[in-house]
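Within every chain, numbering begins at 1; the chains are lettered A, B, ... in the order of the sequence lines, protein sequences first and strands thereafter. Worth knowing before you read on, the calculation uses all heavy atoms, side chains too, and leaves out hydrogens, waters and symmetry mates. Keep in mind the model is a prediction, meaning the values are calculated, not measured.
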There are 2 protein chains.
Amino acid sequence: MVKLTEDMKESIANVRPLPLATASKEGIPNVIPIGMCKLVDDATIWIVDNYFLKTRNNLEENPKASLYVWGEGSKGCFQIKGDVEIKTEGDEYDAAYAMAKEKGEKYPAKALIVMKITDVFECKGGPEAGKKLL
Amino acid sequence: MVKLTEDMKESIANVRPLPLATASKEGIPNVIPIGMCKLVDDATIWIVDNYFLKTRNNLEENPKASLYVWGEGSKGCFQIKGDVEIKTEGDEYDAAYAMAKEKGEKYPAKALIVMKITDVFECKGGPEAGKKLL
């Protein structure tokens, strides 16, 4: 099982937005900036769906996602791939809903996307780009 | 045919990196930051492949891409989808190769990815997110 390094965890906490890529079942890629997300253990990211449209449709039919972490506050540049589950009820969803409402009453928190990280890759430009790290 | 607005063109010129999403033919999404790219007309972006790995494999088997434009210097946040062609020879490739070498001798410029823009969507968070603009 993947276990993120401390540098990776710190980077995920610091960088916003993160670009989240999905694909339809026909393989049409999609990418959006996400702001409301949180690492909840060594290999799981929670992402709140406030305004997802194509992203949500894609995840319903093809529960795979990819994102990278790079920007102000990141240690290096790395890419994450994972499998997702969509939750619209239950304890985890309730906690994510509360988290969204704390940030602002306006956020609908339509669903919680639970992303289980399966792979991490080097994402900095150069001959090592794309190398599997975890 | 899509024709980007002046604000969109200015934003594409200003913002780096841009997150480029692709997908394998099985629909596994991938996203990387790209720096070496350029709008060459109202509906075409040139992207230089220096260090692509999964991205290149994905584009070989599934020539579709998506990116968004948001950050320092952008007017709004919008998402682009398009069809790509990979060029490793010919006048256009030669021009892209020269462009890369001007930026630095170290860049291999292995290919030119020509992305023909087919759709543009609103990508700012809020009730309009995902709405088709062009």
Side-chain angles (χ1 to χ4, degrees), chain A residues 17-36 48-59 61-72 77-84 104 106-108 118-119 121-132, chain B residues 17-36 48-59 61-72 77-84 104 106-108 118-119 121-132:
Chain A
L18 297 173
L20 180 74
T22 58
S24 68
K25 66 177 189 294
E26 292 82 18
I28 310 292
N30 196 75
V31 60
I32 59 165
I34 56 165
M36 210 177 280
V48 176
D49 166 12
N50 284 309
Y51 306 113
F52 293 180
L53 190 65
K54 300 191 288 322
T55 294
R56 176 70 177 271
N57 292 343
N58 288 350
L59 291 175
E61 62 185 35
N62 179 28
K64 304 274 180 189
S66 176
L67 59 83
Y68 68 73
V69 184
W70 189 32
E72 182 76 28
C77 178
F78 56 98
Q79 185 206 57
I80 286 173
K81 297 212 178 196
D83 296 320
V84 312
K106 70 175 177 178
Y107 295 114
T118 54
D119 307 271
F121 299 90
E122 176 61 51
C123 201
K124 189 159 172 266
E128 299 292 295
K131 186 182 160 191
K132 194 165 155 65
Chain B
L18 297 173
L20 180 74
T22 58
S24 68
K25 66 177 188 295
E26 292 83 18
I28 309 293
N30 195 76
V31 60
I32 59 165
I34 55 166
M36 209 177 280
V48 176
D49 167 12
N50 284 309
Y51 305 112
F52 292 179
L53 191 64
K54 301 191 288 322
T55 294
R56 177 68 178 273
N57 291 343
N58 288 351
L59 291 175
E61 62 186 34
N62 179 28
K64 303 274 180 188
S66 176
L67 59 84
Y68 69 74
V69 184
W70 189 32
E72 182 76 28
C77 177
F78 57 96
Q79 185 206 55
I80 286 172
K81 296 212 176 195
D83 296 319
V84 312
K106 68 175 178 179
Y107 294 113
T118 54
D119 306 271
F121 299 90
E122 176 60 51
C123 201
K124 189 159 172 266
E128 299 293 295
K131 186 182 160 190
K132 194 164 154 69

Counting heavy-atom pairs closer than 4.5 Å to chain A, which one of B:E128, B:K131, B:K54 comes out on top? B:K54
Not counting sequence neighbours, which residues clear side-chain contact (heavy atoms from CB on, under 4.5 Å) with A:D119? List them please. A:K81, A:F121, A:K132
Quick one: pull up CD in B:E72 and CD in A:E72 and give me the separation to the nearest 0.5 Å. 11.0 Å
Let's test your reading of the structure: which of B:W70, B:F52, B:Y68, B:Y107 forms the most heavy-atom pairs below 4.5 Å with chain A? B:Y68
Between CD1 on residue B:I34 and CG on residue B:L18, distance to nearest 0.5 Å: 5.0 Å
Among residues at least two apart in sequence or on other chains, which ones pass side-chain contact (heavy atoms from CB on, under 4.5 Å) with A:K124? A:C77, A:E122
Please check if the side chain of B:Q79 supplies one atom and the backbone of A:V31 the other of a donor-acceptor pair under 3.5 Å. yes
Return the option, out of A:P17, A:G125, A:G126, with the maximum number of heavy-atom pairs under 4.5 Å with chain B. A:G126
Hits for side-chain contact (heavy atoms from CB on, under 4.5 Å) against A:P108, two or more places apart or cross-chain, chain-then-number order -> A:N50, A:Y51, A:K110
Interface check, chain B: of A:L67, A:N62, A:L53, A:N30, most non-hydrogen pairs under 4.5 Å belong to A:N30
Write out, in numerical order, the residues from residues 19-29 of chain A with a heavy atom short of 4.5 Å from a heavy atom in chain B. A:P19, A:A21, A:T22, A:A23, A:G27, A:I28, A:P29
Non-hydrogen side-chain atoms of A:L59 and A:N57 separated by less than 4.5 Å: no
